[in-house]
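See below for the structure under consideration.
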Amino acid sequence: MKTVVGRLTETAAVPDPLALPAEWAEWAEEPGQVIRVEEVGALLGTLHAVIVGRDEAWFEGLWVQPSARGRGVGRRLVSEAETLVRGYGAAIVRTAVPGRDYGALAVAERAGFVRHSEAAVMVADIPSGPIEVPYEAHVVPARSTDARAITSLFETAPHLTGWRGLVPLGWRFRRFVVELLQGLVRDGRVLRTGEAAEGPVEGAASFAVRGDTAIVSALAGPPAHRQALFGAVVERARHGGARRIALFVSEADVAEGLRSAFVPHPWCPDGLVIVEKVLTVKTH
């Protein structure tokens with residue numbers, strides 16, 4: 001067996017479409033690399049490795065040819081990926097597994113990953129009519145001076161608290177820090193509410209429009225403010241040509257107050273389990 005490492009592109013999808021959600025490349029925020037194990041030119045397995053933060057990495061799309069299972073291909077892919085990301089300074093690696101994919105969870109546990117938190121991915125079609133927006137919640141784009149206040153708001157929001165300091169951008173989770181939020185604000189991807197643009201921050205939302213989907217990764221504030229922010233994101237999604245909206249939350253019932261017909265994403269109908277592993281420093 002030999003290992004081949006290459007740049008991760010849209011064409012690097014794993015042979016089994018069930019190993020990744022259909023939108024994994026479209027929702028991706030960062031480039032990555034694909035690790036392949038081959039034998040006499042035949043593909044035995046693949047794994048994607050992505051650096052998502054200063055010292056954080058993300059693995060996804062682990063797949064092993066059915067006829068090669070039981071030969072240690074999966075362990076080799078994970079080991080090679082760990083060596084690769086450690087070389088980029090990663091001290092911790094995470095991945096997410098659909099809640100009822102017990103086989104994948106067992107593989108992760110055998111590789112030394114431990115359960116970190118859980119998430120639900122809810123999706124809904126964007127309605128054609130007007131979105132109800134409470135008049136008492138004024139929505140404006142966030143400014144750089146709002147970053148610390150919004151960070152504090154997000155850090156105490158129920159679903160970010162449930163994720164123990166992580167936030168999803170696309171399908172990948174990473175540590176939530178003020179520098180990350182500042183970058184999102186500069187990109188126009190954060191909205192806030194308050195009685196006035198110069199007043200205190202009362203609610204906030206972080207989002208992105210990727211292809212036909214608007215992805216909401218964080219939504220916080222009183223109910224009326226969350227609904228107003230949701231309506232504002234929908235309007236921007238329509239303008240960007242999106243047809244549906246995706247909401248990452250710690251529990252599915254968080255979406256119930258948004259007055260939209262959310263259903264679980266088909267790739268993870270029972271939610272996601274986020275697991276992580278602290279990488280040891282190898283000495284020679």
Side-chain angles (χ1 to χ4, degrees), residues 18-30 32 48 50 52-53 56-62 92-109 113-124 150-151 153-177 180-181 184 189-190 204-210 213-221 226 229-230 233 244-258 260-277:
L18 298 180
L20 283 173
E23 320 92 341
W24 76 267
E26 198 168 70
W27 293 11
E29 296 274 350
E30 322 85 348
H48 300 162
V50 185
V52 295
E56 302 167 272
W58 185 263
F59 291 170
E60 63 193 13
L62 175 65
I92 193 165
V93 62
R94 301 184 185 92
T95 190
V97 180
R100 287 197 180 180
D101 192 342
Y102 302 120
L105 283 170
V107 169
E109 289 171 358
F113 287 78
V114 297
R115 185 182 293 252
H116 178 277
S117 51
E118 297 181 7
V121 186
M122 311 299 292
V123 291
I150 294 174
T151 298
L153 180 67
F154 280 167
E155 286 175 342
T156 57
H159 61 288
L160 268 74
T161 300
W163 292 331
R164 295 166 50 200
L166 301 184
V167 65
L169 297 184
W171 289 99
R172 300 163 183 162
F173 285 72
R174 77 231 39 215
R175 195 161 45 241
F176 183 74
V177 294
L180 172 61
L181 184 68
L184 298 176
R189 292 174 48 183
V190 182
S206 171
F207 71 100
V209 178
R210 294 280 185 261
T213 308
I215 305 134
V216 180
S217 55
L219 182 64
R226 293 200 304 271
L229 289 160
F230 176 73
V233 171
R244 62 175 185 158
I245 193 160
L247 179 67
F248 282 77
V249 290
S250 58
E251 297 178 356
D253 59 5
V254 174
E256 293 177 359
L258 296 179
S260 195
F262 279 97
V263 296
H265 190 284
W267 188 67
C268 50
D270 298 292
L272 292 173
V273 177
I274 302 151
V275 296
E276 68 178 19
K277 179 180 180 180

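Keep in mind that the numbers below use all heavy atoms, side chains included, and drop hydrogens, waters and symmetry copies. Each residue takes its place number in the sequence, starting with 1.
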Do you know the tightest heavy-atom contact between M122 and P264? CE-N, 3.7 Å
W163 side chain reached by P168 side chain, heavy atoms, under 4.5 Å: yes
Looking at every heavy atom in both T95 and W58, which two are closest together, and how far apart are they? C-CH2, 3.6 Å
If only atom types and distance count, is the side chain of R94 paired as donor or acceptor with the main-chain N or O of V275 below 3.5 Å? no
Flag the pair I274 / L166 as yes when at least one side-chain heavy-atom distance between them is below 4.5 Å, and no otherwise. yes
Which atoms form the tightest heavy-atom contact between A220 and R226, and what is the distance? C-CG, 4.0 Å
Set of ring pair (Phe, Tyr, Trp, His ring centres under 6.0 Å) partners for F176, sequence neighbours left out: F154
Nearest 0.5 Å, what's the NE2-OG1 distance between H265 and T213? 7.5 Å
Strictly by modelled atom types, are R164 and S117 linked by a side-chain donor-acceptor pair under 3.5 Å? no
If we check side chain to side chain contact (heavy atoms under 4.5 Å, CB included) with F207, which of these qualifies: L184, V233, V190? V233
Which of E23, E26, E29 passes salt bridge (charged side-chain N to carboxylate O under 4.0 Å, His left out) with R210? It is E29
Nearest 0.5 angstrom please: L105 CG to R100 CZ, how far? 12.5 Å
Geometric class of the H48/W24 ring pair [parallel <30°, tilted 30-60°, perpendicular >60°]: tilted
Hey, mind stepping through K277 and I92 against side-chain contact (heavy atoms from CB on, under 4.5 Å) and telling me if it holds? CA-CA 6 Å; K277 179 180 180 180; I92 193 165; over 6 Å; no
With a 6.0 Å cut-off on the ring centroids, do W267 and W171 count as close? yes
Examine distances only and state if a side-chain atom of S250 and a backbone atom of G162 form a donor-acceptor pair shorter than 3.5 Å. no
Could you tell me which non-hydrogen atom of G99 sits nearest to which non-hydrogen atom of V273, and how far apart they are? CA-CG2, 4.1 Å
What residues, two or more places apart in sequence or in another chain, satisfy salt bridge (Lys or Arg N to Asp or Glu O under 4.0 Å) together with E155? none
Taking it one step at a time, do V123 and I245 satisfy side-chain contact (heavy atoms from CB on, under 4.5 Å)? CA-CA 6 Å; V123 291; I245 193 160; over 6 Å; no
Could you list the residues that satisfy side-chain contact (heavy atoms from CB on, under 4.5 Å) with A28, not counting sequence neighbours? R172
Could you check V93 against E56 for side-chain contact (heavy atoms from CB on, under 4.5 Å), going step by step and ending with a plain yes or no? CA-CA 6 Å; V93 62; E56 302 167 272; over 6 Å; no
Minimal non-hydrogen separation, L160 against S217, with atom names: CD1-O, 4.5 Å
Salt-bridged, R115 to E109, with N to O below 4.0 Å? no
Roughly how far, to the nearest 0.5 Å, is the CZ atom of F248 from the CG atom of L169? 9.5 Å
Roughly how far apart are L180 CG and R174 CZ, rounded to 0.5 Å? 7.0 Å
Please name the pair of heavy atoms, one in L219 and one in A205, separated by the smallest distance, quoted to 0.1 Å. CD1-CB, 3.7 Å
